[in-house]
There are 2 protein chains.
Amino acid sequence: MVLLDLIGRRMALRIIWELSRAAEPLTFRELQTAAETNPSVLNSRLRELREARIVERASDGYVLTSEGLSLLSTLWPLQAWADAWAAEAPDP
Amino acid sequence: MVLLDLIGRRMALRIIWELSRAAEPLTFRELQTAAETNPSVLNSRLRELREARIVERASDGYVLTSEGLSLLSTLWPLQAWADAWAAEAPDP
DNA sequence: CGGGATCCCCGACGATACTG
DNA sequence: CAGTATCGTCGGGGATCCCG
């Protein structure tokens with residue numbers, strides 16, 4: 001699936017997550033700091049996410065589009081599933 | 001997210017998909033053919049998916065667990081999102 | 001048929017330096 | 001501060017062989 005190719009990439013979800021937490025647009029550097037990544041990766045992800053219309057540029061930084069927000073909501077059940085799954089995995 | 005690490009891997013979703021389409025358990029070779037992959041990758045994915053309790057071995061092949069099926073259902077909205085997204089993406 | 005063992009290759013990632 | 005360019009590294013993926 002193309003979408004998983006996108007959000008499965010390093011930092012992609014992290015970026016979406018950080019943007020969703022921020023009430024205001026985040027600048028390139030702010031995102032870099034928040035997502036604990038480097039310019040080249042951040043730049044790649046932002047380009048891809050913008051092409052996918054998940055993220056867009058405001059005058060003062062990056063924000064999620066309405067599609068990005070709806071994507072986030074479809075991700076919720078998955079998150080819940082993963083949490084439930086993690087809860088029962090003892091492992092280390 | 002750990003889960004995305006899992007299902008984002010090559011052939012992971014494909015395997016789940018093929019198993020969900022089959023009414024009966026699929027053997028290793030059948031899966032290999034259906035998913036159009038090679039033994040080493042198939043083996044890796046199968047091991048990971050089994051550790052995650054998404055897939056299990058029956059006496060005559062591999063099947064999805066109930067958890068695997070529930071995962072599949074949480075994936076539906078994502079699929080719908082991706083479809084809607086693909087529908088409006090013109091690009092050549 | 002199931003599935004481990006090997007070997008090679010390529011691309012994503014990461015760090016850093018640099019320009020406007 | 002925003003974003004690009006460069007380069008080395010590392011690990012996953014693919015193919016193939018082969019044994020129980």
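Being a predicted model, the structure only gives us computed values, none of them experimental. Chain letters run A, B, ... following the sequence lines, proteins first, then strands; residues in each count from 1.
Distance alone, capped at 3.5 Å, places no donor-acceptor pair between the B/Thr74 side chain and the A/Pro77 backbone. In this structure a side-chain-to-backbone donor-acceptor pair under 3.5 Å is present from B/Thr65 to B/Arg53. Using modelled atom types, no side-chain atom of B/Arg45 and backbone atom of B/Leu13 make a donor-acceptor pair closer than 3.5 Å. Here the side chain of A/Arg9 pairs a donor or acceptor atom with the backbone of A/Asp5 at under 3.5 angstrom.
No continuous path of hydrophobic side-chain contacts links A/Val63 to A/Leu42 [ILVMFWY only; heavy atoms under 4.5 Å].
For B/Glu48 and C/dG4, the CD to P distance is 13 Å, given to the nearest whole Å. Whole-Å rounding puts the B/Arg45 CZ to C/dG4 P distance at 14 Å. Rounded to whole Å, the distance from CG on B/Leu42 to C1' on C/dC1 is 13 Å. The distance from atom CG of A/Asn43 to atom C1' of C/dC18 is 14 Å, rounded to the nearest whole Å. Separating the CZ atom of B/Arg47 from the P atom of C/dG3 is a distance of 10 Å, rounded to the nearest angstrom. Between the P atom of C/dA12 and the CG atom of B/Asp5 lies a distance of 16 Å, rounded to the nearest Å.
For DNA chain D, the outermost nucleotides in 5' to 3' order that have an atom under 4.0 Å from a heavy atom of chain A are D/dC1 to D/dA5.
For B/Thr27, the side chain to side chain contact (heavy atoms under 4.5 Å, CB included) partners are B/Arg29, B/Glu30, not counting sequence neighbours.
To the nearest 0.5 angstrom, A/Glu18 atom CD is 8.0 Å from A/Leu26 atom CG.
No hydrogens or angles were tested; on distance alone, a donor-acceptor pair under 3.5 Å links the side chain of A/Ser40 to the base of C/dA15.
Taken residue by residue, residues 6-36 of chain A places heavy atoms nearer than 4.0 Å to DNA chain D at A/Thr27, A/Phe28, A/Arg29.
Of all the heavy atoms in B/Gln32 and B/Asn38, the pair that sits closest is NE2-CA, 4.2 Å.
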